[in-house]
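Have a look at the structure below, then the notes.
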Amino acid sequence: MRLTLSEIRANAMRFAAEWAEVVSERAEAQSFWTDLFSVFGIKRRAVASFEEKVRNLKGAYDRIDVFYSGVMIGEHKSRGEDLSRAASQAFDYVQSLQREGRGNEIPQYIVASDFETIVIFDLESSDPAAPIARFKTARLHENIKHLGFLSGYRVKPVDPEDPINIEAVEVLGKLHDALERGGYAGHALERFLVRVLFCLFADDTAIFEDDEFKTLVRNSRTDGSDLGALLARFFKVLDQDIPERPTRLPEELRSLPYVNGDLFREDLGFAEFDGPMRAALIAACEFNWSRISPAVFGSLFQSIMAGDEGRRKRRQIGAHYTSERDIMKLVRSLFLDELQAELEAAGRDGRKLRAFQEKLASLRFLDPACGCGNFLVVTYRELRELELRAVLRLHGGKADSERLLIDSLLKVDVDQMHGIEIEEWPARIAEVAMWLIDHQMNQKVGEAFGRPLRRLPLRKGAKIAHANALRIDWNEVLPAAQCSYVLGNPPFVGAKYQSDAQRADMDAVCKGIKNAGLLDYVCGWYVVASSYIRKSDIRCAFVSTNSITQGEQVGVLWPEMFARGIKIHFAHRTFQWISEARGKAHVHVVIIGFGAFDRSGKIVFDYPEIDADPIPVSAANISPYLVPGPDLAIVNRSKALCDSPEIGIGNKPIDGGNYLFTDEEMHAFVKAEPKANKYFRPWYGAEEFINGDHRWCLWVGDAPADELRAMPSVMQRIDNVKRLRLDSTSKPTRDLAKTPTRFHVENMPKRSFMVIPKVSSERRNYIPMGLMEPKSIASDLLFVLTGATPYHFGVLTSEMHMAWVRQVCGRLKSDFRYSNKLVYNNFPWPQDVTDKQQAAVAAAAEHVLATRDTFKGQTLADLYDPLAMPKALRDAHKNLDRAVDKCYRAAPFTSERQRVEYLFDLYQQLIAPLTASAGRGRRPRRS
C-alpha cells in the first residue's frame, strides 16, 4: 500500500536527521540505501539488489552499488568524493547492460550520493548528462518528488505542446487496470477501451449531443451488475443505421447518431462489471476528453495497454513514439511550408484559391510504418487547416453561413491518408485517431461558420493495412501513380539487434546489395521506397537513426540509392529525438527528404547543439553525410590518401592467454622463474590504455633457445600455446603451431610510436590517443602508428579529426569503432602546411601531453570523461584545436557542420586525380 505524501515527508525528515551527519564510509552505504527506500514505504530487498554484476568491455565484471531493474542505478561514494565520477560509472553500467542484451533492465534514473548530497539524473530528459536534481540529504523532505519513482510511480514525459496531461494517463490507466482485474484482457479489452474513449470523446465534443454515454454509465446500478449489458447494447446501436433500429428502443438510444466505420461492428460480448470497474469508468466520464490530441492518442493508449511485456516487444519491433514537435519538422520540410507559401501567393484570387483547394484534395499520403498514426494525424490536421483558410477567403465566415451548405465546401477527407502497420492493435488505433482528428477539424470549421458540422455516419476512413511493410507491395495500399508523399518514422533497430524475422526481411529487400548485413532495419524502408517511387515525382521523408549517415552504412546504402536515381532534397542533421521509450531518451536521429528526381532549393537544417533549434543552410547538392556536397560515399581504402604515418593493428598472440599476466600473476611467475623477468613487457589493449589497468606480456619470440630451455615454466607456456594452436579448426592457426613463441600478428616498433584505441565511448569529446615507448607492446585492440610525431598526434587528437570521425567512423553499440581503412586512410590531412604552422601544432600537442601528466593517478578515462574533464586539459585541447584549424584555413570554424563541409570538399579535391585515373569503367559516385 502506497504511503501518503505526508507520511513520506515525515519519513524523509527522520532519514535526514539520521544520515545527514554520518561520517562513516562505505561500510554503512548499504544501510543508507535500504533506509532511503524505506522512506517511500518500499522494502529494498524486494525490488533492488546490492553489488549487481555487469560485464564491462574488457570482459571482467563490474559491480553496481544499487540496482533496481528497469528503474534506477544507485552509485555511492565516500563523503566528499566527486559525484560526477559516480555518475560517469553509472552511465558506463548502462552501456554494459545494453551490451549484455539486458535492454529491458536499463533504468530511467541514476542516483549518486556521498551521504551528504544526493544527485539524480534522468535518462529520458532532454540532456541525460545533466542532473535533474541536486540537494543535501538534510533537505530530502523538500525534494521527495524527485525520488517518487522508488515507490513505483512513473511520470511520463509530456511535450509541452501536447494538451494530454498526466491526469488523462492516470484516468485511463485506472480504468484499464480495473477491467483487467475483472477478467477483461487481450483483444477484447483493447477494442473495448477504444470504443469507450471514442464515446467519451463524442460526449465532450457534441458528436453525442446530450452526454448519452456518460448518462448511461451514471444511471447503471451501483454494483455494476447491469453495466456490461447496457454498454453492449449501446455499442450495437451505434453500428445500426437509424431506420434499421428497433422501434421499441428507448428514445435516448434511438436518437444516437449512426457511427459506422467498423468501430462498433465486432461482437465483443460484454464485460461482467462490478462496483470498482463501474467506479473507474465513472471517473473516466468526469475527465474532459475534448482536450485529447489525436496526434498523441495512439501513444497514450499504447503506454497504457502495453505492460512490461508489451513495451519489450515494441522495443524489439523498433516502434517508438515521436513527439509532435519532431513530426512537424518532417511535415514542414516535406510539403507544408511550400503549401503555406502557395496559399499566401494565392491571396484572395478566387481562381487560384479554388485550384489550391483542389490540389489539397488531390494529395495522397502513405506512411509505411505508421504505428498509431501520429504522422498521418498531424498531416491531415495541417491539410484541413490550410483548406479552412482557403475556404474562408473564398466564402467568408459566419456572415455568409446561412446561404452555404458547409459540408459541400470541403474537399479534403480522411481517405487521403494511407498507412502500413505490422501490429493489428496500433493499426486499429490509427483508424480511430483519424476519425477523432476529422471531427475536431469539423468542429473548427463549424466554429468559423457559426454552424455545427458533423460527418456522420462515417463514410470514409484512412486505409491502414495490417501488414509487414517490407513484405507487402506498397502499391496494394496506395498505387504509386496516385501517391504524392511517403513519410514516417520506420523502426529503429540496429543491424546487430535484429530478430531472425527482421534479418529475413532485410535479406528479401536488399538482394544484390553488397554488405547489406551492416545496415540498420530502417534502411529496408529506403530500399523499398526507392523502388516504389521510381520514375515518379513522389517525395519521401523518413526520421531515421543517424547511423545511416555515418560509418560503413553510408558506403553500403547510399551508392545503391544513387544508382537508383535517388537525390536528397532536404536533411535535418543530427538532433535529439524525444521518445517515451526508457533508455532511449537520447537517441540521435536525422530526417532525410528524398525523391527519384533532382530539384533546386535544397536545404540542410543544422543543429548547433543537439537539442537546439535548427539553422537552415542552402545547398546546391546534399551528400549522404547530410552536408552540402556531392553524391559521394566513403569506402575502405587500403592505403592512406595523404602522406601520413603508416597505420597498422597491434599484436595478436593467439595464445589462449598463456603469454598475458596481471600484476599479481606476473610477480608470482617471476618468483617461481626469476630468469623470466627480463622477458616481461607492459601490455596495452584499449581497456588497459584508457582505464589504466596493468597487464604484462611474456615476449619470448626473440629469446635464445638455450635460455628458453633453462626456464621450465616458460617452456610449459610455450607448449600450451603449441597445443592450443594445433587444436584449432583453422588451418592458418594450426600452421602457427610450428612457431609457438611467435605471435599471429607482430607489430613492435623500435622507436616511440602512437596508439589509437579501436573502440572509444562516443560520450568523449576526443578519442584518448597517446605515445608509447618501444618497451611497451600494443595489442590488436590498439592501432599503431610508426613514425608519428607530435604534429601527427596533434592533428589526430584535434576537433578537426573528431569531426571526421563522427561522420565516417563506424559504431560498436554507440561507441566509436575506429578504422584504419575507412577513417584514417581517407582522412584529408591539411595541405601545404608551413613549418611555422607545424611547429605550432606540435607545441600545442606537447602541451596537451604535459597537461595530462600533471594529473597523477588519473586515467585517460577519468581525464576525458565529459563530466569530469579538468579545465586545464580542456583549455589545452582548445588551444590545439585552434592551431590545427589554422593549418586548414585562416578563417575559424564556428560549427561542426562547417568542419565537415570543409573536410569533404578537401577530400573530393584529393581524390579527383585518383578518380580520373581510374577510368570510365569504375562505378560512379564512390571513392
Side-chain angles (χ1 to χ4, degrees), residues 156 164 166-205 207-208 213-214 216-217 220 224 227-236 238-239 259 261-274 276-294 296-311 313-314 321 371-374 377 421 423-437 439 464 466 580:
K156 175 181 176 288
I164 293 297
I166 197 65
E167 184 181 354
V169 178
E170 291 176 348
V171 168
L172 277 178
K174 288 176 181 177
L175 176 58
H176 167 272
D177 294 347
L179 291 168
E180 196 170 50
R181 284 193 298 271
Y184 222 34
H187 172 79
L189 176 57
E190 295 171 355
R191 203 68 167 171
F192 179 83
L193 275 177
V194 171
R195 291 178 179 181
V196 166
L197 184 55
F198 180 89
C199 292
L200 293 168
F201 181 85
D203 269 346
D204 289 337
T205 57
I207 295 177
F208 301 159
F213 180 74
K214 295 178 181 179
L216 176 140
V217 174
S220 64
L227 185 52
L230 289 172
L231 290 172
R233 183 171 68 163
F234 191 89
F235 295 155
K236 185 175 181 179
L238 292 174
D239 194 49
V259 175
D262 291 335
L263 177 57
F264 298 98
R265 183 148 301 162
E266 182 180 357
D267 183 5
L268 299 178
F270 57 87
E272 295 292 343
F273 269 74
D274 57 20
M277 294 164 67
R278 176 181 179 273
L281 184 52
I282 287 178
C285 291
E286 301 302 323
F287 188 78
N288 182 5
W289 294 98
S290 66
R291 292 183 291 159
I292 191 172
S293 167
V296 296
F297 166 77
S299 300
L300 169 66
F301 248 70
Q302 217 163 318
S303 68
I304 292 164
M305 292 298 305
D308 291 340
E309 177 60 23
R311 280 188 287 271
K313 183 179 179 184
R314 292 296 289 179
Y321 162 67
C372 298
N374 300 13
V377 165
E421 167 55 34
E423 288 193 288
E424 180 184 9
W425 165 237
R428 301 292 78 86
I429 291 177
E431 293 172 346
V432 176
M434 291 303 305
W435 287 325
L436 298 190
I437 190 60
H439 180 67
I464 310 296
H466 170 212
E580 68 178 356

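Considering only heavy atoms from C-beta on, Phe201 comes within 4.5 Å of Leu436 through its side chain. Counting only heavy atoms from C-beta outward, the side chains of Arg265 and Lys236 never approach each other to under 4.5 Å. With contacts defined as side-chain heavy-atom distances shorter than 4.5 Å, the pair Leu179/His176 does not qualify.
Residues Phe213 and Phe208 place their aromatic rings such that the two centres sit no closer than 6.0 Å.
Residues Leu227 and Val217 come closest through the heavy atom pair CD1-CA, 4.1 Å. Nearest approach of Phe234 to Cys199, heavy atoms of both residues: CE2-SG, 3.9 Å. Across all non-hydrogen atoms, the minimal contact from Met277 to Ala178 is CG-O, 3.4 Å. Residues Glu421 and Gly371 share a closest heavy-atom pair of OE1-N, 2.8 Å. Looking at every heavy atom in both residues, Glu423 comes nearest to His466 through C-CD2, 3.6 Å. Scanning both residues, Phe264 and Phe235, for their nearest heavy atoms gives CB-O, 3.4 Å.
Atom CG of Leu189 sits about 4.5 Å away from atom CG of Leu193, to the nearest 0.5 Å. Taking CG of Asp274 as the start and CZ of Arg181 as the end, the distance is 9.0 Å to the nearest 0.5 Å. The line from CD of Glu180 to CG of Leu175 is 11.5 Å long, rounded to the nearest 0.5 Å. One finds the CD atom of Glu266 at 13.0 Å from the CZ atom of Phe192 (value rounded to the nearest 0.5 Å).
Ion pair Asp203/Lys214 not flagged as a salt bridge, since none of the NZ, NE, NH1 or NH2 atoms sits closer than 4.0 Å to an Asp/Glu carboxylate oxygen.
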side-chain contact (heavy atoms from CB on, under 4.5 Å) assessment of Leu231 paired with Leu281: CA-CA 11 Å; Leu231 290 172; Leu281 184 52; 4.0 Å; yes

